[in-house]
> 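Take this structure first; my questions come after.
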2 protein chains.
Amino acid sequence: MLDLDRHRELLRTCSIAAALETVGERWSFLILRGAFNGLQHFEEFQSTLGIARNILSNRLGRLVENGILRREPDPADRRRVAYRLTDKGLDLLPVLLSLREWGERWVASGPSNPVLVDKATRRPIAPMAVRDADMRPLTRGELEWVDRSEL
Amino acid sequence: MLDLDRHRELLRTCSIAAALETVGERWSFLILRGAFNGLQHFEEFQSTLGIARNILSNRLGRLVENGILRREPDPADRRRVAYRLTDKGLDLLPVLLSLREWGERWVASGPSNPVLVDKATRRPIAPMAVRDADMRPLTRGELEWVDRSEL
DNA sequence: GTACTCGGTTGCATATTGCAACTGAGACAG
DNA sequence: CTGTCTCAGTTGCAATATGCAACCGAGTAC
């Protein structure tokens, strides 16, 4: 089987491979983290992430191509361009939060800032976890992989 | 600021950057997906992922270094080596599932196999989502970032 | 007009990845 | 105990991707 075919096969059958295809390149995820934290402009991403300008240009382009960011020229200052998360991009929040919580638990030193709260109650969100239908967190021993057809 | 310093600064302050440092390289995440699906041996990863052998060797080594996989020589056949997920690695499951669900929703064609169920009830797990303390899924408008000190 | 900012692009050096061939230890059959 | 095969890599080399610094054109500020 050719490399390309194998690649396409993966893309078809595995949504993780498909997802990584669009957000798995180096810097892409850190750019998204920046976007979630409010960054919008080229120079903001460049200076806060310290990414090379050509790579940043390339990644922003790709994220726009893939519909994760939207490129919006600023009508007031026609030099400026705002990169904003689309719905598709915003929907990556669970991935971002899961990764962040894992990083906090296992890699980084202690909890990080800022924190997401329910705007109404001002209580922090529940930790990202694998839960059953009643929202009880499941431990690994309680889980099993089954084929969709066996449900 | 030097590149190295900037890098270290990121590592210190951002758990996402820290997490990506250990699982963000090309192929690493797909290797982990394989491990979650039961792959354990070098040749299994190599043939199912189609990854180059030297890169696979390098990534497995890194994942072991970072405590995400454990390298276990098989006492029965001393050629064979089993790579198994550690607790730290198994704890990446929420990240994997979030990414997979996003991929299913936005990139890949339809839902994928297999599916995680609660072993006791055989009901599928709840979708990964941002939830409030009462486990109600929160929409984007209901969320707000606040500094940890303001809680 | 002069200087400066924003969002890039270009050229070139370095690092990472991919491919194919090879290796060495161990299993295994006769 | 010899030849063959499998497993888990390693090596050399070509192709890609990344990083850095300098430059650029359009637009803004003075």
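Heavy-atom basis, side chains included; hydrogens, waters and symmetry copies ignored. Note on naming: letters A, B, ... go to the chains in the order of the sequence lines (proteins, then strands), and numbering restarts at 1 for each one.
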> Given dC6(C), dG8(C), dT17(C), identify the nucleotide with an atom nearest to the side chain of Arg59(B).
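The nucleotide sitting nearest to the side chain is dT17(C).
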> Indicate yes or no: does Arg105(B) engage Asp87(A) in a salt bridge with an N to O separation below 4.0 Å.
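Between Asp87(A) and Arg105(B) there is no salt bridge, as every charged N stays at least 4.0 Å from the carboxylate O atoms.
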> Produce a footprint string for nucleotides 22-30 of chain C: one letter per nucleotide, 5' end first; B if the base is under 4.0 Å from any protein heavy atom, S if only the sugar-phosphate is, - if neither.
---BBS---
> Looking only at heavy atoms, which two atoms of Glu104(B) and Ser112(B) are closest? And how far apart?
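Heavy-atom minimum between the residues: OE2-OG, 2.8 Å.
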> What's the closest nucleotide to the Trp27(A) side chain, out of dC7(D), dT18(D), dG7(C)?
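Nearest to the side chain of Trp27(A) among the choices is dT18(D).
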> For the helix from dG1(C)-dC30(D) to dG30(C)-dC1(D), measure the angle between the helix axis at one end and the axis at the other, each built from five pairs, rounding to 10°.
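Terminal axis comparison yields 20°.
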> What is the distance, to the nearest angstrom, from the CG atom on Asp74(A) to the P atom on dC6(C)?
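Going from CG in Asp74(A) over to P in dC6(C) covers 12 Å.
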> If you find the nucleotide of DNA chain C closest to Glu43(A) and the one closest to Arg26(A), which residue's nucleotide is nearer the 5' end?
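Between the two, 5'-proximity favours Glu43(A).
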> Distance only, no hydrogens: is a donor on one side chain within 3.5 Å (strictly under) of an acceptor on the other, for Asp91(A) and Trp102(B)?
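No, Trp102(B) and Asp91(A) have no side-chain donor paired with an acceptor closer than 3.5 Å.
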> Between Thr139(B) and Glu142(B), do the side chains contain a donor N or O and an acceptor N or O under 3.5 Å apart?
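Looking only at side-chain atoms, Thr139(B) and Glu142(B) do form a donor-acceptor pair, the distance falling under 3.5 Å.
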> May I ask you to say whether Glu144(B) pairs ionically with Arg122(A), meaning some side-chain N is under 4.0 Å from a carboxylate O?
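Here Glu144(B) pairs with Arg122(A) in a salt bridge, since their nearest N and O are under 4.0 Å apart.
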> Side chain of Arg71(A) only, heavy atoms from C-beta on: which candidate in dC6(C), dG8(C), dA8(D) is closest?
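The closest nucleotide is dG8(C).
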> Does His41(B) reach the main-chain N or O of Tyr83(B) with its side chain, forming a donor-acceptor pair under 3.5 Å?
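Pair absent, no side-chain N/O of His41(B) close to backbone of Tyr83(B).
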> Any side-chain to backbone donor/acceptor pair from Lys119(B) onto Trp145(A)? Under 3.5 Å, distance only.
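No, because the side chain of Lys119(B) does not come within donor-acceptor range (under 3.5 Å) of the backbone of Trp145(A).
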> Between Glu25(B) and Tyr83(A), which residue's closest nucleotide on DNA chain C lies nearer the 5′ terminus?
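In this pair, the answer is Tyr83(A).
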> Taking the minimum atom-to-atom distance to the side chain of His41(B), which one of dA8(D), dT17(C), dG8(C) wins?
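Closest of the options to the side chain of His41(B): dA8(D).
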> Look at Glu43(B) together with Arg79(B) and state whether they make a salt bridge at an N to O cut-off of under 4.0 Å.
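Not counted as a salt bridge, because no side-chain N and carboxylate O are separated by less than 4.0 Å.
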> Picking from dG12(D), dG19(D), dT17(C), which would you name as closest to the side chain of Ile55(A)?
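The nucleotide sitting nearest to the side chain is dG19(D).
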> Looking at Ser57(B), does any N or O in its side chain come under 4.0 Å of the phosphate oxygens OP1/OP2 on dA8(D)?
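For dA8(D), OP1/OP2 do not have a side-chain N/O of Ser57(B) under 4.0 Å.
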> Say whether Leu90(A) and Leu99(B) are linked into one hydrophobic cluster, either directly or through other cluster members, by side-chain heavy-atom distances under 4.5 angstrom.
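Both belong to a single hydrophobic cluster.
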